[in-house]
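As a basis for the values below, the full set of heavy atoms in this structure was taken, side chains included, without hydrogen atoms, waters or symmetry mates. Because the structure is predicted, anything quoted here is derived from the model rather than measured. Start at 1 and go down the list; that is how both ligands and their atoms are numbered.
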Amino acid sequence: MLEKLAQIEKEALESLAAVEDEAALESWRVANIGRSSPVMNVFSQMGGLSKEERPLVGQRANQVKVAIEAAFAEKAAAIKDAALQKSLTGEKLDVTLPGRAFHHGRLHPATQNLRRVLAILAEMGFQVYTSRDVESDEYNFQLLNIPPHHPAREMQDTFYIDTSATDEAEKQVLRTHTSPGQIRAMRQFSAENPDNPPPIRIALPGMCYRFEQITARSEVQFYQVEGLVVGENITLGDLKGTLSEFARRMFGRQAKTRFRADHFPFTEPSAEMDVECFVCGGSGCPVCKKSGWLEILGCGMVHPTVLQNGGYDPARYSGFAFGMGPERQLMLRHKINDIRYIWGNDIRFLEQF
Ligand code: PHE
């Protein structure tokens with residue numbers, strides 16, 4: 001028995017010397033100190049030994065077991081240490097290498113300008129209100145006092161969406177301007193709704209779409225920001241004061257404005273607001289086409305029919321509305337002479353903002 005134990009110890013230690021990785025170590029452990037390993041078998045055979053033999057064999061078996069276990073612990077530590085060394089030398093890091101340059105993301109210039117417009121209007125008490133891109137013919141045109149066959153429709157070549165609608169009013173279009181949002185806002189904040197009483201003072205940003213040839217001057221999509229104010233005793237003076245103040249905040253305190261009579265079916269009277277050319281200061285240049293003025297937005301007093309379509313009694317309420325193109329302002333400010341740069345996604349253009 002004692003000889004057998006010496007043999008067990010010798011074999012275990014010899015085979016351990018050949019172990020090099022964790023997987024091999026684990027199978028070695030099962031075979032040599034596991035429950036049915038040779039040393040453990042010696043322990044279970046002790047019952048069959050004589051009284052004299054038993055303490056001697058027991059003591060020796062314990063020594064062997066302790067020795068094998070100690071060798072195992074030593075080997076396990078060595079393997080772990082070797083793995084650590086390998087990862088330290090294998091993944092060497094040169095801390096003197098220059099860092100990798102990374103590109104800063106940024107907001108699209110049209111978004112930057114749009115946010116600027118909205119921030120100024122917000123300071124002036126306008127709440128942002130958004131409305132849908134897909135509108136019915138009724139909202140985009142009819143409720144805004146543009147009946148079928150009205151010549152103003154031709155100014156706004158329209159993308160129609162394929163539907164089965166035969167009734168003109170139910171045809172679906174991509175909105176050609178943000179003005180249909182006027183009707184949606186008035187109906188939501190209606191004079192009869194005690195939760196949302198007037199006055200209304202909203203800024204309505206959104207993408208608009210027109211079925212047009214894409215050229216340096218016209219795109220099929222562009223942002224507009226609509227403004228709408230409805231309440232009691234709102235006058236043309238409020239319109240002029242509000243929009244002139246907007247222009248000063250947008251283009252500088254010295255910005256001069258002028259209003260020219262114009263026509264929109266949904267406002268009466270209607271006007272265009274010009275701001276003195278901020279490129280040449282009014283003396284005349286290619287950007288303002290030598291006129292000294294830049295056309296900035298369309299505006300007017302909300303037409304009584306439109307107020308009525310929005311659920312407001314024109315005998316009691318009045319209001320003004322305006323619509324502007326933030327990309328156009330961006331182009332004027334930065335002398336961008338081709339509108340196709342704006343949605344062309346050319347990084348060389350976008351990186352300049
Ligand atoms: N909807 C008009 C356009 O697209 C702009 C406008 C808005 C004019 C509100 C007057 C009042 O040109």
Query raised in the report: Is a side-chain donor-acceptor pair under 3.5 Å present for E327 with N113?
Result: no
Query raised in the report: Salt bridge between D274 and R258, side-chain N to carboxylate O under 4.0 Å?
Result: yes
Report task. Report yes or no: does a heavy atom of R210 sit under 4.0 Å from some atom of ligand 1? Result -> yes
Query raised in the report: Under 3.5 Å, N or O to N or O, is Q224 touching ligand 1 that way?
Result: yes
Report task. Decide whether E226 and S179 meet the rule of one side-chain donor and one side-chain acceptor closer than 3.5 Å. Result -> yes
Report task. Decide whether an N or O pair under 3.5 Å exists between H177 and ligand 1. Result -> yes
Query raised in the report: Going by atom types alone, do Y139 and R187 pair a side-chain donor with an acceptor below 3.5 Å?
Result: yes
Query raised in the report: Counting from 1, what ligand 1 atoms have a heavy atom of S179 closer than 4.0 Å?
Result: 1 (N), 7 (C)
**Report entry** Region of S270 that comes within reach of ligand 1 [heavy atoms, distance under 4.0 Å]
**Finding:** neither
Query raised in the report: With respect to atom 2 (C) of ligand 1, which of F266, F322, F320 exhibits the smallest heavy-atom separation?
Result: F266
Requested in this report: Output the list of atoms in ligand 1 that are nearer than 4.0 Å to some heavy atom of G323, sorted by atom number.
Outcome: 6 (C), 7 (C), 9 (C)
Query raised in the report: Can you check side-chain hydrogen bond (donor to acceptor under 3.5 Å, both in side chains) on N140 and T176, steps first, answer last?
Result: CA-CA 7 Å; N140 195 75; T176 59; 3.0 Å; yes
Query raised in the report: Between the side chains of E11 and Q7, does any donor sit under 3.5 Å from an acceptor?
Result: yes
